Structure formats: C-alpha cells, structure tokens
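As structure tokens, the structure follows; a few thoughts come after it.
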Amino acid sequence: MSKQILRAEVPLEETWKLEDIFPTKEDWEKELKEVENLIGTVTVFKGRLGEGPKVLLECLEAQENLLIRLAKVAAYGSLHLSSDGTNPQYQEMAGRVSALSTKIGAEMSFIRSEALSLPNGTLNRYLEEEPGLEPFRIMIEKMIESKPHRLHPETEASLAALGEVLSAPGTIYETSRTADMSFEPVADSKGNLFPMSMGRYETAADIVLRRNAYSETTRVLKQYQNTYGATWGTEVKKNVTMANLRRYESAIHMLLDRQEVTIDIYNNLHDIILTELAPHMRKYARLRKDILKLDKMLYCDIEAPLDPEFDPKTTWEEASEMIINGLSVLGPEYTEIMKEALSNRWIDRADNAGKRTGSFCSSVYGVHPYISTRWHNNLREVLTIAHELGHAGQGVLSQRYQRYGNTRPTMFFIEAPSTINEALVGNYILSQTTDKRTRRWILMEFLKSYHHNFVRHLIEGELQRRAYPLAEKGKPITANVLNKLQGEILEDFWGEEVIIDEGAQLVWMRQSHYYRGLYPYTYSAGLTIGTQVAQAIQKEGAPAAERWVEVLKLGGTKKPLELAQLAGVDMTSPEPIRSAVAYVGSLIDELIELF
C-alpha cells in the first residue's frame, strides 16, 4: 500500500517559498513583537479624531502601516499551518497570530466608533478639506454607511476583544478536519489498498475504489456529525444574534450588506440556477448512468470519469506553458505575473499528510500571492491551477495600483477572476486539438467546474438560505436538522436521478465555507460573471481582455455590481444568469452528441 508522504519528505521545488515573507522563523518572531509594539502608534490618537482632518489622516496612516505588517505576520503563520496542520509548532504559531490579531482589532475599534460619534457631516467635511484622505475615501464612506448598525463604543470594543472567541466555530472545524480525522485504507476492485483522506478517490474510475472511499468518508463523518452540527449551529446563532444587535432585518441581510449586494440578486441566483439548471443536470446524470452502466447513481458517481481509459497526463512544465498561452490574451503585464507565479515557487503543489484540503490562494500585501493545491501530473489539475492563478492575478494587480485598504473586492465578486482564467485556459486547450475524444474530455472538465460552482456550492448556499430563517424562529440548528435540510435540497435538485443516501446528507460537513458568511453562493455569481466575460474575450479579443484587466486593477475601489458592469455584465438583471445556465445546457447537449 502506498503511503501519503510527510511534509519533511516533500521536494523543495514542490513547496511554496515562505522565505519571501520572512527569511527565517527568527525574523518572524522579531516582527511579531514589533507589530505588537506598533499598537501604540495608533492608540495615541484615541480621543483626538475630533481635532481635525489632519489628525484623522495620521491615525489612518498609522493603522494602515500596522495592518500591512500584521498581514505579513499572519500569513506566515497561517500558511505554515495550511501546509501541515498536524505540526504542533505551526499550530502554536497560528494561535499566537490569532491572539495578536484579536488584540489589535480590539485596540483599534475606537477609530470607527469615535469617527462615527463626530457631529453629522464632519467626516464628509474632513474629506473635502484634507486631500491626503482621498485614498481612505472608500473606507470612510463605508464607515458612514454603517453608522445605523453601530453599537455603543464600549460594546464594539468588547466584541472586538472577543474576536478570537467569535471565530472559534470555524477554527474548531478546520483544526478537527485537518488534524483529527483518521481514515482506514480503502481497496480497489483488485484488492489493492490505498491511503485515505476526506473526499479522496471519489472521482476514481474504479467503481469499487470510488464507492469504498465514499463509504469510508461517510463512516468517519458520522463520528463527527454532532460536533460539527454544534459548530455549524453556533456559527449561525452568532450571526443571528449579531444581526439582531446591529438592527438588521435578518442575518442574511447583514451578511449581504458586507458584500454590497441586495437580497433580490441573492435570491435570483439561487432561484434561477437551482430551478432552471436542474433539468439540464438531470439530463447529464442520465447520460452518466447510461455510459457508466450503473443500476443506480450514488452521490459519489456524479463526477466519475465517463471515459476512464482517457486520462491525459502532463508535466509541470507543459502545464505552465498551457496556462501562459491560454492567458496571453490578457496582455503582457498579466502574462508576466503568471510566469513569475509558476516559476518562482508561489505555488505549493505537494500532497502530504496534514495539508489543508482543497485549493486556495492567499495574497500577501507587499510580497506576492501564495497558492496551495495538489499536483499529480493530470491535465485536469491545469484548470485548477489556472483558477487559483486568477485570484493571484487579481491580487497582484490590485496591490500594484491601489492602497492596502482598497485592494480587495467584496466576496460577491471574488470568484470572477478565477473562473475567467479557468475558462480561458480550457478554451485554449480545446483550440489545440481536433480530436473528438479530447474535445469530449474537455467538455466534461468544463461541466465539472460548473457542477462545483453552480451546483455544489450553490446547494451549500441554499442550505444557508433555509437554515438561517429557522434559527431566527428559535429552532436549534443541529446535525439532524442539517442532514434533513441537505437531503431535501439535493432531492429537489436531482429528482430521482441520484440516490440521496446518508453520505449525501452529510456533505454539509465537508466545507469550511459556512464559517465565512454567505460565501458559498458567491461562486455562482463569479461563474456567471466569468462566463459572460470569457465569452466576450473569445468574441472580441483584445478590447474585452483589456477591459477586464482594467477592472482587476480597480481592486475594491468600486462596489461589486459596478465592477461587473464595467466588465460588461449587468448582475441586476436575471439575463446573465439565464445565459450562463443556457451555456451549461449547450455543453451537455454537445456532450450527448459526442457520445
């Protein structure tokens, strides 16, 4: 039986270069202390913001400097932990950073409270009188908008001091998922045993291996369901309580306010996609069942390869070339960023024990983005890396052209850059072949992406959309409640095409998205925007590509609906959503023809 390697056994070239943040752990330790000492450079302005715009400017500049340096310290700790969550030293580093972040948040809470306690119109007057405040205009205007939901300054300070406690549900979940879960090896159809981790092998061609892996994941998840139900329920209760305290109509309204989108758009995405995409995906499920010759389709069969003999391999060097060629339409500046990311160890591609599951990108201000993924020389993984590089490209460009506080769009827009990259690279690979079998395979990979972002993640979002109102009516959110809701949502979507068994009902336990507000549904928003922009780039070429890169440079200086509009997509209308759904339907129809 093969064994998952330890972090210490990973070749250096497969790891990310965290020395770019701090050359040594000793340097990190030194900066950690210095960052804590910098708190006084901000708190010295406490009680003085009414003195005039110059004092506010000096305060905000001191805060910005502190947050930039804290971001580097925090990234160094969290990225180490992501690489190996079983390492006690990394756990301790991440814990220290978390404690410091909470302390800084509490100490700086006076800025917002004190600024908003100034007489009405004062902050607007400050903006007019002090040109130096212009880079902070967006932050100040958002501050003013939040005033109806602010609490007494002492209450705000207390809540900030409790930041580490309030984020505990997500921390407990992530720690447990990474460090505590233990799986038994699973067998394939020939009796070969394979090391197991959560969700592994569920896209395997071998039905015995695939279903054994699914059963083993289900077995382990069941052991934790009441604990994870409690953490999930506590997260929901926290947000419901906060929404009540801050005088929002509901928790969902509060969480959407942070994303700067309306509840109508939120509901449009759920209602249109879950209703109008379902018939297309059921048709796809029937095709899969026929091709795979299954008597019944389980949840783990949804992404099983339909042409298992065709498993195109590639090298890291070939993959890098494909990505560069596919994204070259975005221009030389963007292409250079991609080349640097692929060649200078921005990407951790190892598959070691204790590594955080899934892929992600974390942009470190003043350094560069870092990407975590797993690389097994499969062509599919090229699209995954292209996806994460989309986040990296946005991170570099926004940091290059915007001040620290204006670099990040709200969560609603955050997945658009990644899905556009995935589409562009996929289309490039498609353009390089006339082989029917290869085209069929790429279409299936496209559909896998739409399944993840339009189906799986939006179903996660629908679970939130149904659970929060129950909590607001006083119903405790427990594992039993979540299992029932999850099963009902999946049955509503898949109808009779997929058997929704115990393992399917437990899929809510697999994702950390629930601990990041209303994150899950935003994948569908990003993919809707991404589909439209990628199609425009294919049709128009350079003009659409240049328009998109300019949008990326704006960072968070515009609200997400404005960014989408500048990219040519009107998300206030249901039409872009319906257009994306129709595109998925066309992919399925073409795939049926090719089989």
Side-chain angles (χ1 to χ4, degrees), residues 3-11 14-18 21 71 73-98 101 167-183 195-203 213 217 220-221 224 227-228 231-232 235 341 345-364 367-376 381 384-385 387-392 395 414-415 418 452 456-457 460 507-516 519-520 523:
K3 183 182 178 183
Q4 199 171 20
I5 64 172
L6 300 176
R7 184 67 182 180
E9 300 170 325
V10 176
E14 295 183 13
T15 65
W16 44 27
K17 192 177 180 184
L18 298 184
I21 309 176
V73 167
Y76 191 81
S78 67
L79 293 174
H80 270 94
L81 185 65
S82 295
S83 70
D84 184 4
T86 65
N87 187 312
Q89 182 185 29
Y90 297 167
Q91 293 173 3
E92 188 257 351
M93 288 169 65
R96 289 170 65 191
V97 166
S98 177
S101 297
S167 65
T171 302
I172 292 167
Y173 168 80
E174 195 61 60
T175 302
S176 174
R177 186 178 70 157
T178 303
D180 290 343
M181 285 191 174
S182 178
F183 296 82
M196 183 61 191
S197 57
M198 186 159 67
R200 207 173 187 189
Y201 309 122
E202 288 186 11
T203 58
T217 296
V220 175
L221 288 177
Y224 289 83
T227 299
Y228 288 2
T231 57
W232 212 105
E235 178 70 13
R345 288 177 54 207
W346 292 12
I347 303 172
D348 192 290
R349 59 185 197 264
D351 186 4
N352 59 268
K355 186 174 179 178
R356 176 174 157 180
T357 58
S359 299
F360 69 88
C361 176
S362 176
S363 291
V364 184
V367 187
H368 58 70
Y370 285 90
I371 291 170
S372 175
T373 189
R374 286 170 170 78
W375 174 254
H376 305 99
E381 292 160 342
T384 301
I385 292 167
H387 178 104
E388 297 304 333
L389 283 169
H391 293 303
I414 211 70
E415 291 298 331
S418 54
H452 272 269
R456 278 194 173 170
H457 291 322
E460 292 167 10
V507 295
W508 60 267
M509 296 179 64
R510 298 184 179 212
Q511 276 291 356
S512 60
H513 294 156
Y514 301 113
Y515 303 96
R516 299 175 65 185
Y519 187 22
Y523 281 89

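Here the structure is a predicted model, which means the values were calculated and not measured. In what follows, residues are counted from 1 in the order of the sequence shown.
Sorted by first and then second residue, the salt bridge (charged side-chain N to carboxylate O under 4.0 Å, His left out) pairs involving residues 75-86 (not counting sequence neighbours) form an empty list.
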**Message:** I'd like to know whether Ile371 forms a side chain to side chain contact (heavy atoms under 4.5 Å, CB included) with Arg349, so could you lay out the CA-CA distance, the side-chain angles of the two residues, the decisive distance to 0.1 Å, and finally the verdict.
**Reply:** CA-CA 8 Å; Ile371 291 170; Arg349 59 185 197 264; over 6 Å; no
**Request:** Determine, step by step, whether Leu221 and Arg510 satisfy the side chain to side chain contact (heavy atoms under 4.5 Å, CB included) criterion, reporting the C-alpha distance in whole Å, the side-chain angles of both residues, the deciding distance to 0.1 Å, and the verdict.
**Result:** CA-CA 8 Å; Leu221 288 177; Arg510 298 184 179 212; 4.1 Å; yes
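Using a 4.0 Å cut-off between charged nitrogen and carboxylate oxygen, Glu460 and Arg456 do not count as a salt-bridge pair.
Between the side chain of Thr175 and the main chain of Thr171, a donor-acceptor pair closer than 3.5 Å is present. In this structure a side-chain-to-backbone donor-acceptor pair under 3.5 Å is present from Ser83 to His80.
We find the CG-OG1 distance between Asn352 and Thr86 to be 8.5 Å, quoted to the nearest 0.5 Å. A distance of 10.0 Å separates CE of Met93 from CG of Leu79, quoted to the nearest 0.5 Å. For the atom pair Thr217 OG1 and Met196 CE, the distance stands at 3.0 Å (nearest 0.5 Å). Summarising the geometry, atom OH belonging to Tyr370 is positioned 16.0 Å from atom CD belonging to Glu388; distances are rounded to the nearest 0.5 Å.
Ring planes of His391 and His387: perpendicular class, angle over 60° (limits at 30 and 60°). Using a 30° and 60° split on the angle between ring planes, His368 and Trp346 fall in the parallel class, below 30°.
Annotation: side chain of Trp375 is not in contact with side chain of Ile347 (no heavy-atom distance under 4.5 Å). Under the 4.5 Å side-chain criterion, counting only non-hydrogen atoms from C-beta, Phe360 is in contact with Ser82. Between Lys355 and Arg374 the shortest side-chain heavy-atom distance falls below 4.5 Å. Looking at heavy atoms from C-beta onward, Arg200 lies in side-chain contact with Pro195 at the 4.5 angstrom threshold. Put simply, the side chain of Tyr76 does not reach to within 4.5 Å of the side chain of Val364, judged on heavy atoms. Within the 4.5 Å cutoff, the side chain of Val220 has no heavy atoms near those of the Met198 side chain.
With sequence neighbours left out, the side-chain contact (heavy atoms from CB on, under 4.5 Å) criterion links Pro11 to Glu13, Glu14. Residues that satisfy the side-chain hydrogen bond (donor to acceptor under 3.5 Å, both in side chains) test with Asp180, not counting sequence neighbours, are absent from this structure. Under the side-chain contact (heavy atoms from CB on, under 4.5 Å) criterion, Ser78 pairs with no residue at all, not counting sequence neighbours. Scored by the side-chain contact (heavy atoms from CB on, under 4.5 Å) test, Ser98 finds Glu164 as partners (sequence neighbours excluded). The side-chain hydrogen bond (donor to acceptor under 3.5 Å, both in side chains) search around Ser197 returns none, not counting sequence neighbours. In terms of the side-chain hydrogen bond (donor to acceptor under 3.5 Å, both in side chains) criterion, Ser362 has no residue partners (sequence neighbours excluded). Under the rule for a salt bridge (charged side-chain N to carboxylate O under 4.0 Å, His left out), the partners of Arg177 that lie at least two apart in sequence or sit in another chain are Glu174. Annotation: ring pair (Phe, Tyr, Trp, His ring centres under 6.0 Å) contacts of Tyr228 (sequence neighbours excluded): Tyr173, Tyr224. The side-chain contact (heavy atoms from CB on, under 4.5 Å) check on Thr15 picks up Arg7, Val10, Leu12, Arg345, Asp348, with sequence neighbours excluded. In this structure Thr231 satisfies the side-chain hydrogen bond (donor to acceptor under 3.5 Å, both in side chains) test together with Tyr515, sequence neighbours excluded. Applying the ring pair (Phe, Tyr, Trp, His ring centres under 6.0 Å) test to Tyr519 and every residue at least two apart in sequence or in another chain returns His513, Tyr523.
Contact detail for Gly85 and Thr178: the closest heavy-atom pair is CA-CG2, 3.7 Å. In plain terms, the two heavy atoms of Thr373 and Ser359 that are nearest each other are OG1-OG, 2.9 Å. Minimum interatomic distance between Leu81 and Ala94 (heavy atoms only, all atoms of both residues): CD2-CB, 3.6 Å. Scanning both residues, Gln89 and Asn87, for their nearest heavy atoms gives N-OD1, 2.8 Å. Contact detail for Cys361 and Pro369: the closest heavy-atom pair is SG-CB, 3.8 Å.
The aromatic ring centroids of Trp508 and Tyr514 lie 6.0 Å or more from each other.
Under the 3.5 Å distance criterion, with hydrogens and angles disregarded, no donor-acceptor pair is assigned to the side chains of Glu381 and Thr384.
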